[in-house]
Engineer: 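Structure provided below as structure tokens; questions to follow.
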Amino acid sequence: QVQLVESGGGLVQPGGSLRLSCAPSRRTLSTYAMAWFRQAPGKEREFVAGRTWIGSNTLYADSVKGRFTISRDAANNTMYLQMNSLKPEDTAVYSCAAGRSLAASYAPYAYWGQGTQVTVSS
């Protein structure tokens, strides 16, 4: 079993920045790809960004391209989501996920974090 520990959510004004962190309790083939999803009230969960742990393959939702950056720190075994130029419509619970392949759908991701709230409001 792999546990994902998330941190970094909070309240920020429009145009501001936040960085989310996700650390798997251990790395296995099942954590080859890691991603962030988000779910706003009354909406379905949607893919935000993902990357492979090895190499530099990344994938972004169109709505966050150019504003969000997913990266990893191998030394600290942590995946980050840097969110810049935040908008009120980015408000959601953000969840980290880990799986065997990189995709913008739920299917490959076997492990999920508990979620962290991001609120963008003035």
Side-chain angles (χ1 to χ4, degrees):
Q1 191 74 3
V2 175
Q3 293 182 332
L4 303 177
V5 180
E6 302 152 335
S7 61
L11 172 65
V12 65
Q13 292 186 343
S17 298
L18 280 176
R19 188 177 76 164
L20 305 182
S21 302
C22 177
S25 57
R26 62 191 182 97
R27 286 190 46 227
T28 71
L29 289 175
S30 295
T31 60
Y32 173 75
M34 295 185 70
W36 289 94
F37 287 76
R38 68 186 181 187
Q39 187 169 21
K43 295 187 177 181
E44 292 188 357
R45 183 182 292 178
E46 64 175 358
F47 174 80
V48 176
R51 72 162 289 153
T52 52
W53 191 262
I54 298 172
S56 58
N57 291 336
T58 58
L59 195 60
Y60 291 95
D62 288 343
S63 58
V64 306
K65 281 180 182 176
R67 300 188 298 123
F68 291 11
T69 303
I70 189 168
S71 63
R72 60 113 172 89
D73 182 340
N76 290 317
N77 197 40
T78 301
M79 191 77 73
Y80 299 101
L81 182 68
Q82 178 66 42
M83 305 184 294
N84 298 328
S85 303
L86 282 161
K87 305 175 181 179
E89 51 263 43
D90 294 317
T91 295
V93 174
Y94 285 70
S95 299
C96 175
R100 290 180 174 267
S101 61
L102 180 62
S105 64
Y106 307 154
Y109 302 102
Y111 302 103
W112 293 80
Q114 78 282 3
T116 185
Q117 177 70 45
V118 171
T119 302
V120 184
S121 174
S122 55

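Since we're looking at a predicted model, the values are computed, not measured.
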Engineer: Assess the residue pair T91 and E89 against the criterion (side chain to side chain donor-acceptor pair (under 3.5 Å)); give the C-alpha distance rounded to whole Å, side-chain angles, the decisive distance to 0.1 Å, and a yes or no.
Structural biologist: CA-CA 5 Å; T91 295; E89 51 263 43; over 6 Å; no

Engineer: For Y109 together with F37, are the ring centres under 6.0 Å from each other?
Structural biologist: yes

Engineer: Tell me, do W53 and N77 make a side-chain contact under 4.5 Å, heavy atoms counted?
Structural biologist: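 A side-chain contact exists here, since the closest heavy-atom pair is under 4.5 Å.
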
Engineer: Quick one: pull up SG in C22 and OH in Y94 and give me the separation to the nearest 0.5 Å.
Structural biologist: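 If I round to the nearest 0.5 Å, the distance is 15.0 Å.
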
Engineer: A side-chain contact here means heavy atoms from C-beta on lying under 4.5 Å apart; do S121 and P88 qualify?
Structural biologist: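 No, every pair of side-chain atoms sits at 4.5 Å or beyond.
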
Engineer: Got T69 and Y60 here, is their nearest side-chain heavy-atom distance under 4.5 Å?
Structural biologist: yes

Engineer: Please report the interatomic distance OG(S25) to CD(Q1), rounded to the nearest 0.5 Å.
Structural biologist: 8.0 Å

Engineer: Before you tell me yes or no, could you show the steps for F68 and L18 under side-chain contact (heavy atoms from CB on, under 4.5 Å), namely the whole-Å CA-CA distance, both residues' side-chain angles and the distance that decides it to 0.1 Å?
Structural biologist: CA-CA 10 Å; F68 291 11; L18 280 176; over 6 Å; no

Engineer: Side-chain contact, heavy-atom cut-off 4.5 Å: T78 with R72?
Structural biologist: no

Engineer: Would you please test R38 and R45 for side-chain contact (heavy atoms from CB on, under 4.5 Å) and show each step?
Structural biologist: CA-CA 5 Å; R38 68 186 181 187; R45 183 182 292 178; over 6 Å; no

Engineer: So, do S95 and Q39 sit near enough that their side-chain heavy atoms are less than 4.5 Å apart?
Structural biologist: no

Engineer: Provide the closest heavy-atom pair for P24 versus M34 in the form atom of the first, atom of the second, distance.
Structural biologist: CD-CE, 4.0 Å

Engineer: Indicate yes or no: at least one non-hydrogen side-chain atom of L20 is less than 4.5 angstrom from one of T116.
Structural biologist: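 Heavy-atom side-chain distance check passes, below 4.5 Å.
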
Engineer: With a 3.5 Å cut-off and sequence neighbours excluded, list the donor-acceptor pairs that the side chains of residues 3-12 form with protein atoms.
Structural biologist:
residue : atom : partner : partner atom : Å
E6      : OE1  : Q114    : N            : 3.3
E6      : OE1  : G115    : N            : 2.5
E6      : OE2  : C96     : N            : 2.5

Engineer: Cation over ring, R100 on Y32, under 6.0 Å and within 45°?
Structural biologist: no

Engineer: Rounded to the nearest 0.5 Å, how far apart are OG of S21 and CD of Q82?
Structural biologist: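 One gets 9.5 Å once the value is rounded to the nearest 0.5 Å.
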
Engineer: Roughly how far apart are I70 CD1 and R51 CZ, rounded to 0.5 Å?
Structural biologist: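 Rounded to the nearest 0.5 Å, the CD1-CZ separation comes out at 7.5 Å.
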
Engineer: Is any side-chain heavy atom of L81 less than 4.5 Å from a side-chain heavy atom of R19?
Structural biologist: no

Engineer: Quick check for you: to the nearest 0.5 Å, what is the distance between D90 atom CG and M83 atom CE?
Structural biologist: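 Result: 7.5 Å between the selected atoms.
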
Engineer: Going from OG1 on T52 to CG on L59, what distance comes out if it is rounded to the nearest 0.5 angstrom?
Structural biologist: 10.5 Å

